[in-house]
Structure formats: structure tokens, C-alpha cells
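Just below is one structure, and these are the notes that go with it.
These numbers were taken from a predicted model, which means no experiment stands behind them. Chain identifiers are assigned alphabetically (A, B, ...) following the order of the sequence lines, protein sequences preceding nucleic acid strands; residue numbering begins at 1 within each chain.
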Protein chains: 2
Amino acid sequence: MSRNKAAVDEGTAARSIVNDDGLRQFLGYHMKRAYSVLKSDLTKSLEPLGLRITTYSSLILIVDNPGIRQSELARNLDIERPNMVVILDELEQRGWVNRERVESDRRSYALFATLSGRQVCEKAITIDRAHEARLFQGLKDAQIKTLIAVLNNVERQVGE
Amino acid sequence: MSRNKAAVDEGTAARSIVNDDGLRQFLGYHMKRAYSVLKSDLTKSLEPLGLRITTYSSLILIVDNPGIRQSELARNLDIERPNMVVILDELEQRGWVNRERVESDRRSYALFATLSGRQVCEKAITIDRAHEARLFQGLKDAQIKTLIAVLNNVERQVGE
DNA sequence: GCATATTAGTTATGTCTTATAACAATTATC
DNA sequence: GATAATTGTTATAAGACATAACTAATATGC
């Protein structure tokens with residue numbers, strides 16, 4: 001009886017500390033949590049520019065690769081083509097990107113950033129750098145390098 | 001004119017290699033890509049057990065914290081309470097978790113894993129370990145430790 | 001002790017992201 | 001030259017995640 005009562009107390013007591021060692025043993029759990037806060041912080045930081053993470057990363061690739069095709073862009077960002085269309089509609093509507101018919105392959109559009117597209121991209125990059133400086137402050141360069149190496153390694157493991 | 005032509009060629013040529021240095025400078029981009037492949041790989045690995053990542057992580061916390069309340073669970077996993085209800089409905093329907101009324105606070109349910117709940121959880125953990133061993137193979141312990149430290153640091157930076 | 005506020009779980013619903021199917025136009029392949 | 005494959009597109013569906021409002025129970029302030 002007292003055994004039972006003790007067990008119930010132990011089992012049902014509200015606790016402020018929850019044992020999540022079982023989850024913390026997995027890197028995936030740490031990655032999910034870290035990426036989750038990073039994502040929402042970056043989303044908030046970019047919002048004043050009218051950019052979301054997907055439009056922002058698309059814009060960077062277009063600025064850095066003038067004339068890139070929609071399908072190439074989609075492939076590189078792991079975005080399905082139908083979803084890419086919507087993203088580019090948005091970028092084009094804002095006047096940041098132009099679709100131009102390709103003479104040599106009239107199925108494709110070549111993508112170019114406009115002047116204001118390049119300008120907003122620069123602003124976004126500045127914001128993103130500040131955002132990451134904040135989130136990764138206090139870390140040594142060696143730690144950052146290790147992080148990138150590990151993440152790239154993960155990406156590679158599944159490609160095979 | 002030839003300048004123009006050259007520029008067009010350069011601009012519109014289909015390319016196999018896309019310059020993503022602009023994106024690769026950001027840790028967030030690496031994290032997104034790495035977590036994306038990790039997530040889809042783990043989802044596939046757990047699917048035969050009838051678990052999704054959310055149900056799986058909820059189950060672990062219930063197994064490790066017998067009697068935990070729904071709201072505590074939701075808070076710890078950053079899941080909104082209404083969404084937690086659906087997850088627990090699923091776990092309960094499968095016979096892996098029981099909701100039990102708490103005598104001392106009849107608003108709450110205390111959550112307990114059943115025997116088969118604990119068994120499927122063990123299987124899932126084994127699968128998850130194999131999945132992570134695969135994804136993080138070839139990495140030194142020191143690198144893993146650094147990764148965890150960095151990720152925890154990110155989590156902490158935004159809490160403030 | 002009682003009115004008011006708060007909390008737990010729930011339902012219904014909305015939004016945002018990502019995936020799938022089908023189509024026209026164009027190009028590649030055999 | 002017939003057939004297949006590719007590009008961009010539309011429409012639609014599936015998913016995860018968020019919000020509002022409600023009931024039942026408990027906590028708080030006077």
C-alpha cells in the first residue's frame with residue numbers, strides 16, 4: 001500500500017526537470033532543436049526585408065549565378081519545381097529577379113537579379129552575418145570548422 | 001556586340017556546377033541541408049515500426065519520465081498542446097501509452113508507457129543508433145563532442 | 001468563502017511548407 | 001520522324017505547425 005502510494009507519487013508528481021537523456025544521446029535531437037531556433041531567428045531577422053528563407057537563398061544563388069535556370073536552382077536547393085515557380089513569382093513580382101527566355105532552349109528561363117535584387121540581397125547577407133555572429137558567438141574558429149566538416153559529412157553519407 | 005554575346009553565353013549556358021559559396025558561408029545553410037537528409041533518413045528508418053519522429057521522441061520522454069503530464073511533454077518538445085493531443089491519441093491507440101487521471105489534479109493526465117510501448121521504444125532506439133552510426137561514421141569522438149557543444153550553445157543564445 | 005483568473009486537455013480551424021499529378025511547349029533520342 | 005524526356009506551369013493534396021475558443025478543474029485575491 002505504501003509502496004503503491006510512493007510509486008504513484010513518484011509517477012505523477014509534476015516535475016520541473018524532465019529527464020531527456022534518452023533523447024540527448026542522439027545528435028539528431030540536438031540538430032533539430034538548434035536548427036529550429038536558428039530558423040525562427042533568421043526568419044524574424046529577414047522579415048523586414050520582405051524575404052523568407054527560401055526566397056532569400058534562391059536570390060543568393062541567382063545573384064551568384066547569373067542566367068541560372070529554374071530547374072538548376074530547384075535541384076540545388078532541393079526544392080520541387082512547382083514550388084520553385086511560386087518562389088520566383090514572388091521574387092519577380094518584387095522586381096528583384098527577371099525571367100528571360102533562353103534562345104538556345106526555348107523551354108527554359110534564365111534568371112537574373114535586378115539591381116534592387118542585388119541590393120536587397122546584400123542587405124540580407126549583412127543581416128544574416130549579424131544573426132549568425134549572435135548565434136555562434138563565443139565559439140572558436142576551430143569549432144566552427146569542425147561543425148561544417150561534420151555537417152558536410154552527414155550530407156555526403158546519405159547521397160550514396 | 002561580341003561583348004554582349006559573350007556575356008549572354010556566360011549568363012545562359014547550362015552549368016553542371018553551381019556556385020553556392022555565397023550560401024556555404026552560412027552555418028545555417030549547412031545545418032538545414034544536414035538536418036534535412038538526417039530527418040528523411042530517420043523517418044524512413046522508423047517507418048517500419050509505425051513511428052514518426054514526433055511520436056518517437058514523445059514515446060522516449062514518456063518511457064523515461066513515467067507519469068509526465070501532457071503539458072510538460074509538449075513544453076519540453078516545443079510542441080503546441082493541441083498537436084500533442086493528436087500525437088498521444090496515436091500512441092494510445094497503438095497501445096503504447098496510457099493516459100491516467102491524476103487524483104491530485106483532475107485536469108491533468110499522467111502518461112505511462114505500456115510494456116509494448118517500452119518494447120517498441122527499445123527497438124526504435126536501436127534503429128536510431130544504427131542510423132546515427134551510419135550518418136556520423138568516420139568522425140572522431142572529439143568532433144561529436146564539439147558538435148553537441150556548438151548546437152547546445154546555439155539553443156542557449158536565443159533563449160535570452 | 002466567493003468571484004475572478006489561470007491551467008489542462010480538447011476541438012475545430014487556419015496557415016504555411018512541401019509533395020504529387022497532369023498538362024503544353026520544346027528538345028533529345030533512336 | 002515517331003517516341004521519349006525535359007522545362008515550366010497549374011491545380012491539388014498531404015504535412016507539419018499555429019491560433020481561437022471551449023469545458024472542467026484548480027489557484028488566487030479580496
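Less than 4.0 Å separates DNA chain D from at least one heavy atom of each of the following residues of residues 77-85 of chain A: A:Arg81, A:Pro82, A:Val85.
With sequence neighbours left out, the side-chain hydrogen bond (donor to acceptor under 3.5 Å, both in side chains) criterion links B:Asn98 to no other residue. Every residue meeting the salt bridge (Lys or Arg N to Asp or Glu O under 4.0 Å) condition with B:Glu103, not counting sequence neighbours, appears here in chain and number order: B:Arg106. When the side-chain hydrogen bond (donor to acceptor under 3.5 Å, both in side chains) test is applied to B:Glu92, the partners found at least two apart in sequence or on another chain are B:Arg99. Partners of B:Ser36 by side chain to side chain contact (heavy atoms under 4.5 Å, CB included), not counting sequence neighbours: none found. Considering only residues two or more places apart in sequence or on other chains, B:Thr54 meets the side chain to side chain contact (heavy atoms under 4.5 Å, CB included) condition with B:Arg52, B:Ile87. The side chain to side chain contact (heavy atoms under 4.5 Å, CB included) search around B:Thr43 returns B:Lys39, B:Ile53, not counting sequence neighbours.
Applying the salt bridge (charged side-chain N to carboxylate O under 4.0 Å, His left out) test to pairs two or more places apart or on separate chains, those with a residue in residues 131-148 of chain A are A:Asp41-A:Arg134. Under the salt bridge (charged side-chain N to carboxylate O under 4.0 Å, His left out) criterion, the residue pairs touching residues 28-38 of chain A are A:Arg33-B:Asp78, A:Arg33-B:Glu155, with sequence neighbours excluded.
Counting only heavy atoms from C-beta outward, the side chains of A:Asp21 and B:Asp64 never approach each other to under 4.5 Å. Residues B:Trp96 and B:Leu51 are in side-chain contact: their nearest non-hydrogen atoms beyond the backbone lie under 4.5 Å apart. A:Phe26 places none of its side-chain heavy atoms less than 4.5 Å from the side chain of B:Leu38.
Using a 4.0 Å cut-off, no side-chain N or O of B:Ser108 falls inside it from OP1 or OP2 of C:dT7.
Running 5' to 3' along DNA chain D, contacts with non-hydrogen atoms of chain B at under 4.0 Å begin and end at D:dA16 to D:dT26.
To the nearest angstrom, P of C:dA19 lies 16 Å from CZ of A:Arg75.
Here the CG-CG distance, from B:Asn76 to B:Asn65, works out to 8.0 Å after rounding to the nearest 0.5 Å.
Counted within 6.0 Å of CD on B:Gln93, heavy atoms from surrounding residues, nucleotides or ligands total 12 or fewer; the atom is thus considered open.
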key: Per-nucleotide protein contact string for nucleotides 25-30 of chain C, where B marks a base within reach and S marks sugar-phosphate only (heavy atoms under 4.0 Å, - for neither)   = BBS---
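A rotation axis mapping the C1' atoms of four pairs onto the next four is fitted at both ends of the helix from C:dG1-D:dC30 to C:dC30-D:dG1 over five pairs, and the angle between these axes is 30° to 10 degrees.
Checking B:Val86 against A:Arg52, the closest nucleotide of DNA chain C that is more toward the 5' end is the one next to B:Val86.
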